[in-house]
Amino acid sequence: MKRIFPFFTIIALILPAVAVELPSSLKTASDGSMRIGDVAVYVIHIGEKWAGSMQRSLNPDERSMIGPERVWVSGTFPAADSSENFTLAEELLPAGEGVVNCSWSITAPQEVVCRALSVSFDIPAGRAESTISIDNVPVSLPGQVRGIGLYRKNRAAEVVIAPAGGRAIRVTGRFDVSVQDNRKFAQNSFSVRISPVGMTGKLREWSLNCRLEVLPQEK
């Protein structure tokens with residue numbers, strides 16, 4: 001008895017599988033920091049004396065690879081206000097059209113004081129049309145500098161960041177989140193910073209996972 005294969009099954013066997021790729025709008029630097037249009041994404045550490053150290057100072061090792069189907073970046077960068085170095089591993093994997101599964105992990109030889117250890121999403125300040133919402137609650141972005149901290153929420157599930165005239169992104173998962181105005185530090189930007197739920201003030205190990213979606217351009 002002859003076996004009859006459905007037409008679409010035969011086509012699927014003939015055609016090569018099409019690999020899912022990371023969004024073309026996502027640009028990754030050699031240190032693993034990202035840019036999606038006007039949104040800059042990077043890991044930041046605030047130390048005991050409030051100094052900052054950023055992923056942009058990371059020295060990537062030979063295992064790092066940046067490609068259209070996967071990003072893996074590992075290496076070390078200095079902890080702020082400390083003699084220790086952090087070891088960072090970052091992985092970005094496509095999870096559908098415009099969707100990326102993101103993971104970061106950090107270790108240190110000894111405990112490091114962390115006023116903050118977060119993934120920061122920065123957008124330019126001073127644009128009236130820019131919006132940020134956290135769990136569907138809009139965050140007020142002042143035209144003039146009023147203070148540093150603008151909003152904070154523990155155990156948030158969704159952040160939507162829409163810079164004026166650019167591509168909006170949605171970040172989902174489970175994390176603590178804060179929004180701050182960097183113009184107090186002579187930086188013309190707002191930062192949305194996500195960190196693990198209930199993070200302690202001294203750490204040797206740290207990890208964070210989220211799903212990032214680049215939303216369709218509004219017409």
Side-chain angles (χ1 to χ4, degrees), residues 22-29 31-46 52 54-56 71 73 90-104 116-197 199 208-219:
L22 295 163
S24 59
S25 56
L26 188 154
K27 310 299 181 185
T28 308
D31 55 42
S33 61
M34 295 176 272
R35 180 164 286 277
I36 307 165
D38 286 336
V39 183
V41 186
Y42 58 93
V43 173
I44 183 169
H45 171 238
I46 306 298
M54 301 183 190
Q55 181 178 359
R56 293 162 182 155
V71 168
V73 174
E90 171 186 311
E91 186 173 37
L92 309 176
L93 292 172
E97 185 175 356
V99 181
V100 184
N101 285 334
C102 309
S103 66
W104 298 267
L117 184 54
S118 313
V119 175
S120 188
F121 299 79
D122 292 5
I123 63 170
R127 300 181 181 178
E129 298 84 5
S130 295
T131 61
I132 295 170
S133 66
I134 298 172
D135 289 343
N136 294 316
V137 176
V139 177
S140 177
L141 302 177
Q144 302 297 322
V145 181
R146 298 176 186 170
I148 300 171
L150 301 178
Y151 190 86
R152 181 180 296 272
K153 184 177 183 182
N154 295 333
R155 302 189 65 83
E158 180 190 71
V159 176
V160 178
I161 304 167
R167 299 294 294 272
I169 64 170
R170 177 186 290 120
V171 183
T172 55
R174 185 64 66 184
F175 37 71
D176 294 343
V177 59
S178 63
V179 182
Q180 77 172 43
D181 189 339
N182 297 320
R183 290 175 292 181
K184 277 282 188 180
F185 310 111
Q187 301 173 30
N188 191 42
S189 62
F190 297 116
S191 289
V192 179
R193 294 180 177 172
I194 64 172
S195 56
V197 171
M199 194 184 83
L208 183 65
N209 301 301
C210 70
R211 175 166 285 203
L212 186 156
E213 182 180 359
V214 182
L215 301 177
Q217 185 84 43
E218 291 187 4
K219 297 181 179 180

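Being a predicted model, the structure only gives us computed values, none of them experimental.
- When the side-chain hydrogen bond (donor to acceptor under 3.5 Å, both in side chains) test is applied to E90, the partners found at least two apart in sequence or on another chain are Q55, W104.
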Counting only pairs under 3.5 Å, give me each side-chain donor-acceptor contact of residues 175-182, with atom names and distances, residues two or more places apart or in other chains.
unit_1	atom_1	unit_2	atom_2	d
D176	OD1	R155	N	2.9
D176	OD2	G198	N	3.0
Q180	NE2	N182	OD1	2.6
D181	OD1	R183	N	3.0
D181	OD1	R183	NE	3.0
D181	OD2	R183	NE	3.2
D181	OD2	R183	NH2	2.7
N182	ND2	S189	OG	3.0
N182	ND2	S191	OG	2.7

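- The nearest pair of heavy atoms linking R167 to P216 is NH2-CA, 4.0 Å.
- E97 is linked by a salt bridge (Lys or Arg N to Asp or Glu O under 4.0 Å) to nothing, counting only residues two or more places apart in sequence or in another chain.
- Residues T28 and L92 come closest through the heavy atom pair OG1-CD1, 4.0 Å.
- For R170, the salt bridge (Lys or Arg N to Asp or Glu O under 4.0 Å) partners two or more places apart in sequence, or in a different chain, are E158, E213.
- Screening L93, V99, V100 against L22 for a side-chain contact (heavy atoms from CB on, under 4.5 Å) leaves a single residue, V100.
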Discussion item. Determine whether I148 and F185 satisfy the following criterion, side-chain contact (heavy atoms from CB on, under 4.5 Å), listing intermediate values before the conclusion.
Written reply: CA-CA 9 Å; I148 300 171; F185 310 111; 3.6 Å; yes
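- When every heavy atom of I123 is checked against every heavy atom of S130, the shortest pair comes out as CD1-CB, 4.1 Å.
- Identified under the side chain to side chain donor-acceptor pair (under 3.5 Å) test for residues 142-153, with sequence neighbours left out: D135-K153.
- When the side-chain hydrogen bond (donor to acceptor under 3.5 Å, both in side chains) test is applied to Y42, the partners found at least two apart in sequence or on another chain are D122.
- Heavy atoms only, all atoms of each residue included: C210 and I194 are closest at SG-CD1, 4.3 Å.
- Under the salt bridge (Lys or Arg N to Asp or Glu O under 4.0 Å) criterion, K184 pairs with no residue, sequence neighbours left out.
- Among residues two or more places apart in sequence or in another chain, the side-chain contact (heavy atoms from CB on, under 4.5 Å) test is passed with D38 by P124, R127, P163.
- Residues satisfying the side-chain hydrogen bond (donor to acceptor under 3.5 Å, both in side chains) criterion with R211, sequence neighbours excluded, are N101.
- Under the side-chain contact (heavy atoms from CB on, under 4.5 Å) criterion, S133 pairs with V160, sequence neighbours left out.
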